[in-house]
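Whatever order the structure lists them in is the order used to number ligands and atoms, beginning at 1.
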Amino acid sequence: MPEIQLLPDLLVNKIAAGEVVERPASVVKELVENSIDAGAGRIEIALEQGGRRLIRVVDDGPGMDSDDLALCVQSHATSKIRREEDLFGIRTMGFRGEALASISAISQLRIVSRQASSDEACEVRVVADRMGSVTVASGPPGTTVEVRELFFNVPARQKFLRTAQTELGHVTEQLARIALVHPRVEFRLTHNDRVVHHLRPAEGMRSRIADFYGRDLADALLEVSRDERGLKIHGYAAPPAESRSSGKWQYVFLNGRYIRDRFVTHAVREAYRGLIEGHRYPVVFVSLEIDPAAVDVNVHPTKVEVRWRDSNALYSQVLSALRDRFLNADLTPELQTPGSDSRGRTKGRERPDEKVRSSAGAGFAPTRDGSCDSAVPGGTGPASDTDLAERRRRQIRESIADFFKRSKPTPGSPRAGFPGGGVPAGTSGQASPPQPPAPVPLEPRDLVPTPAGDEPNAHAEPLACDNVIQVHRSYLIAETADGLIIVDQHALHERILFEQVAEQFSRGPLESQRMLIPETIDISPDQVAVIDTHAEVLKQLGFELTPYGPSTLAVHAAPTLLKPERVLEFLRDLLDRFAVRSAPASTEMLTNDLLSMMACKAAVKAGDPLSPPEIRALMVQRHRVERSSSCPHGRPTSLRLTLRDLERQFKRT
Ligand code: ADP
Ligand code: MG
């Protein structure tokens with residue numbers, strides 16, 4: 001008696017179905033993909049009970065004749081490939097010839113199809129893999145596939161099905177993944193005869209994004225486009241203020257198919273680094289087109305993962321496409337006022353907490369010492385939606401009142417040690433005491449606006465450097481062409497210093513200054529180990545540290561950027577940070593972390609009075625620095641209040 005046996009067909013197909021068909025949404029995916037492959041212009045999806053009782057997909061495609069109808073439900077039957085070579089030129093969504101066979105093994109399947117040239121339709125039924133004969137039927141040109149009682153013979157799978165509403169949610173997500181990249185196809189999704197989505201043919205992805213996720217998000221998106229070395233990238237990236245608390249708002253498509261890809265995900269993450277906070281996720285829709293020969297799509301049963309021939313090129317092209325776009329964009333978020341556009345309209349699927357967070361993150365409240373590390377968006381912990389709205393309203397009232405009340409900038413002597421605090425020639429009559437040499441000069445250079453394109457951030461506001469006032473020793477308010485901006489002085493200065501110091505660092509070790517008398521710092525033995533581990537990076541950053549007894553460290557030199565009185569503070573913070581969480585994975589991340597800590601320490605704080613020349617210098621730099629719209633930790637440096645918002649608030653419109 002042989003041990004090995006060939007499995008019966010039904011079992012083979014059930015096993016295949018196990019890979020492909022997890023829930024009703026998987027069936028919808030396979031059927032809709034077939035309709036798209038057939039070239040349909042209109043696809044209707046009808047569900048009953050979340051798809052558990054019925055899934056019907058009707059298309060207006062070319063249909064099948066009776067021979068094809070008999071074949072299409074067989075396993076390994078496909079019209080999409082013929083030879084092995086075809087595997088490297090796949091342009092269709094399907095090619096395995098398994099979907100209909102698999103589905104027929106675990107449901108009651110009925111297909112009616114009619115070719116346009118034919119007067120009558122033909123029909124086939126398959127129940128648990130047993131196919132009836134093909135019969136004549138009536139129906140319009142196109143194909144209708146009906147799947148009833150899904151998993152009726154697979155109780156294990158049935159148990160995993162969730163409520164109709166949840167299954168409908170999965171179907172909607174699946175539909176989005178297809179409809180976003182096929183905007184010209186019309187889709188209609190109904191559930192228990194109620195219309196859930198009716199997507200009319202559209203020009204491009206943006207209007208489909210509006211259909212699924214709301215017009216506000218769609219309008220806010222930046223279009224990204226690049227065609228280079230055989231890879232076409234087209235997509236939409238949301239400004240940092242639209243970030244989300246989960247990564248599921250990242251849609252990547254390859255040659256018209258939704259995929260998950262870690263290289264693209266990394267590139268996106270990297271492109272947004274420093275623009276959004278570490279625990280937030282950007283919203284992006286990226287469609288890639290590449291010669292099918294450059295990628296293997298035959299590595300995953302539902303083809304959601306692929307293997308690239310040149311993943312490095314892919315990574316760097318996606319990264320630079322996004323980065324270049326951000327350089328040419330003004331990413332300053334709009335102040336969220338209760339009456340402003342983006343709050344007035346309800347968002348498609350946005351959860352209420354999402355918006356509250358992003359607007360809270362854009363709130364006014366500085367942290368106690370104005371530094372970033374301890375800052376939590378919104379400042380004061382959990383607050384209800386109404387609390388936040390009320391607080392925002394109050395903040396806006398106060399700031400605007402301040403804005404109109406103050407006719408003169410805050411007088412006050414320039415802050416000691418403020419880089420570039422000297423009075424630039426011909427700017428102000430106010431005397432300022434001589435400043436120590438500025439390690440990273442923040443000098444008001446020529447203030448003539450340069451033509452757009454010349455400067456990294458030349459597209460931002462027209463240079464708003466005069467008539468800038470400081471309020472609460474924390475914020476700078478400036479007039480712009482269409483309203484006003486409110487700048488967080490610490491966040492902006494921190495961003496400026498970070499960009500400068502990161503640029504210096506990319507060219508070599510940071511400038512370092514020797515101490516006349518070495519400072520000492522008491523540390524624990526495990527902290528000695530931490531310092532040891534990062535010795536090389538610390539040296540590159542301009543530190544010279546030597547052990548001075550078993551639990552003491554002597555600091556002989558420190559980066560010029562840090563004022564002497566901040567050096568020990570910086571080292572203590574650094575040690576604290578590594579005590580709480582382990583060091584970042586890569587040297588690059590570690591360096592970035594340390595550079596941004598340094599920028600934070602060196603920057604002016606909330607509460608520091610600034611002289612007019614200092615204010616001016618900051619505002620000039622705002623226009624010169626990349627990514628000036630957010631601090632290195634990803635929080636915004638500035639908020640914009642448009643005249644339109646003001647008029648609405650004052651009920652002038
Ligand atoms: P695959 O899509 O991988 O080829 P399927 O099992 O999904 O495998 O479909 C088998 C074949 O049935 C397809 O190759 C196609 O020729 C035909 N077919 C399926 N659905 C349709 C449809 N809606 N319109 C026309 N032909 C279809
Ligand atoms: Mg298919």
Side-chain angles (χ1 to χ4, degrees), residues 9-10 12-22 24-46 55-84 86-107 109-118 121-126 129 131 134 137 139-147 150 174-175 177-178 182 185-188 255-258 292 297-304:
D9 280 352
L10 175 61
V12 169
N13 284 340
K14 271 192 174 183
I15 291 169
E19 280 195 317
V20 181
V21 186
E22 190 191 347
S26 342
V27 174
V28 170
K29 172 182 185 285
E30 295 297 335
L31 300 185
V32 171
E33 285 187 351
N34 278 348
S35 297
I36 296 218
D37 280 347
R42 185 168 198 279
I43 301 171
E44 280 192 47
I45 306 146
I55 300 163
R56 183 192 300 120
V57 173
V58 182
D59 72 42
D60 64 352
M64 287 175 272
D65 64 17
S66 54
D67 291 347
D68 276 352
L69 200 57
L71 268 176
C72 74
V73 290
Q74 308 288 326
S75 44
H76 314 301
T78 179
S79 56
K80 298 169 195 176
I81 54 172
R82 295 258 180 276
R83 293 169 291 268
E84 188 180 341
D86 296 345
L87 274 178
F88 304 99
I90 288 168
R91 296 202 172 268
T92 48
M93 317 267 288
F95 61 86
R96 291 168 182 259
E98 271 186 316
L100 291 178
S102 300
I103 294 167
S104 78
I106 50 168
S107 70
L109 177 72
R110 174 176 168 255
I111 306 178
V112 181
S113 197
R114 183 180 140 195
Q115 294 185 312
S117 55
S118 169
C122 42
E123 174 182 330
V124 68
R125 287 172 191 261
V126 193
D129 224 21
M131 190 176 89
V134 176
T143 303
T144 297
V145 181
E146 263 180 24
V147 176
L150 183 66
Q174 208 48 258
L175 175 64
R177 292 177 184 182
I178 296 174
H182 293 95
V185 179
E186 180 176 353
F187 293 92
R188 192 160 174 273
N255 293 345
R257 177 189 291 127
Y258 173 89
V297 292
N298 191 21
V299 293
H300 189 277
T302 61
K303 309 161 206 112
V304 73

So do the side chains of [X] and [Y] get within less than 4.5 Å of each other, counting heavy atoms only?
X: Ile111; Y: Thr144; answer: no
X: Phe187; Y: Val32; answer: yes
X: Leu109; Y: Arg125; answer: no
X: Ser75; Y: Val12; answer: no

So, regarding [X] and ligand 1 (criterion: nitrogen or oxygen to nitrogen or oxygen, under 3.5 Å), is there a contact or not?
X: Gly94; value: no
X: Ala99; value: yes
X: Ala38; value: no
X: Glu30; value: no
X: Arg96; value: yes

Reported CD-to-CD1 distance for the pair Gln174 and Ile45, which is rounded to 0.5 angstrom: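 It comes to 10.0 Å.
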If you count the atoms of ligand 1 from 1 in the order shown, which ones are under 4.0 Å from a heavy atom of Thr78? 1 (P), 4 (O), 14 (O)
Glu98: numbered ligand 1 atoms lying under 4.0 Å from its heavy atoms: 6 (O), 8 (O)
Tell me, which protein residue and heavy-atom name are nearest [atom], and how many Å apart are they?
atom: atom 15 (C) of ligand 1; answer: Ser79 OG, 3.4 Å
atom: atom 6 (O) of ligand 1; answer: Leu100 N, 2.9 Å
atom: atom 2 (O) of ligand 1; answer: Lys80 NZ, 2.7 Å
atom: atom 27 (C) of ligand 1; answer: Met64 CE, 3.6 Å
atom: atom 19 (C) of ligand 1; answer: Asn34 ND2, 3.5 Å

Do Lys303 and Tyr258 meet the cation-pi criteria used here (NZ or CZ under 6.0 Å from the six-membered ring centre, within 45° of the axis)?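 Verdict for Tyr258: no cation-pi partner in Lys303.
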Within 2.8 Å of the Mg ion (ligand 2), is there any N, O or S atom belonging to Asn34? yes
My understanding is that we take every heavy atom of each candidate and find the minimum distance to [atom]. Doing that for [options], which one comes out nearest?
atom: atom 23 (N) of ligand 1; options: Asp59, Leu69, Thr92, Thr144; value: Asp59
atom: atom 10 (C) of ligand 1; options: Gly97, Ala77, Pro62, Ser104; value: Ala77
atom: atom 12 (O) of ligand 1; options: Cys72, Gly39, Ser35; value: Cys72

Sequence-distant partners of Arg82, salt bridge (charged side-chain N to carboxylate O under 4.0 Å, His left out), two or more places apart: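 Per chain and number, Arg82 pairs via salt bridge (charged side-chain N to carboxylate O under 4.0 Å, His left out) with no residue.
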For a quick check under 3.5 Å, do His300 and Thr302 share a side-chain donor-acceptor pair by atom type? yes
With distance as the sole criterion, is a donor-acceptor pair present between the side chains of Lys80 and Asn34 under 3.5 Å?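 Yes, a side-chain donor-acceptor pair sits under 3.5 Å.
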Could Arg42 and Glu44 be called an ion pair, given the rule that one side-chain N must be under 4.0 Å from one carboxylate O?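 Salt bridge present between Arg42 and Glu44.
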For the pair Ser104 (side chain) and Ala101 (backbone), establish whether a donor and an acceptor sit closer than 3.5 Å, ignoring hydrogens and angles.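 Present.
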Determine whether any heavy atom of Gly61 lies closer than 4.0 Å to an atom of ligand 1. no
With heavy atoms only and a cut-off of under 4.0 Å, state how Thr143 meets ligand 1: side chain, backbone, both or neither.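 Contact part for Thr143 vs ligand 1: side chain (C-beta onward).
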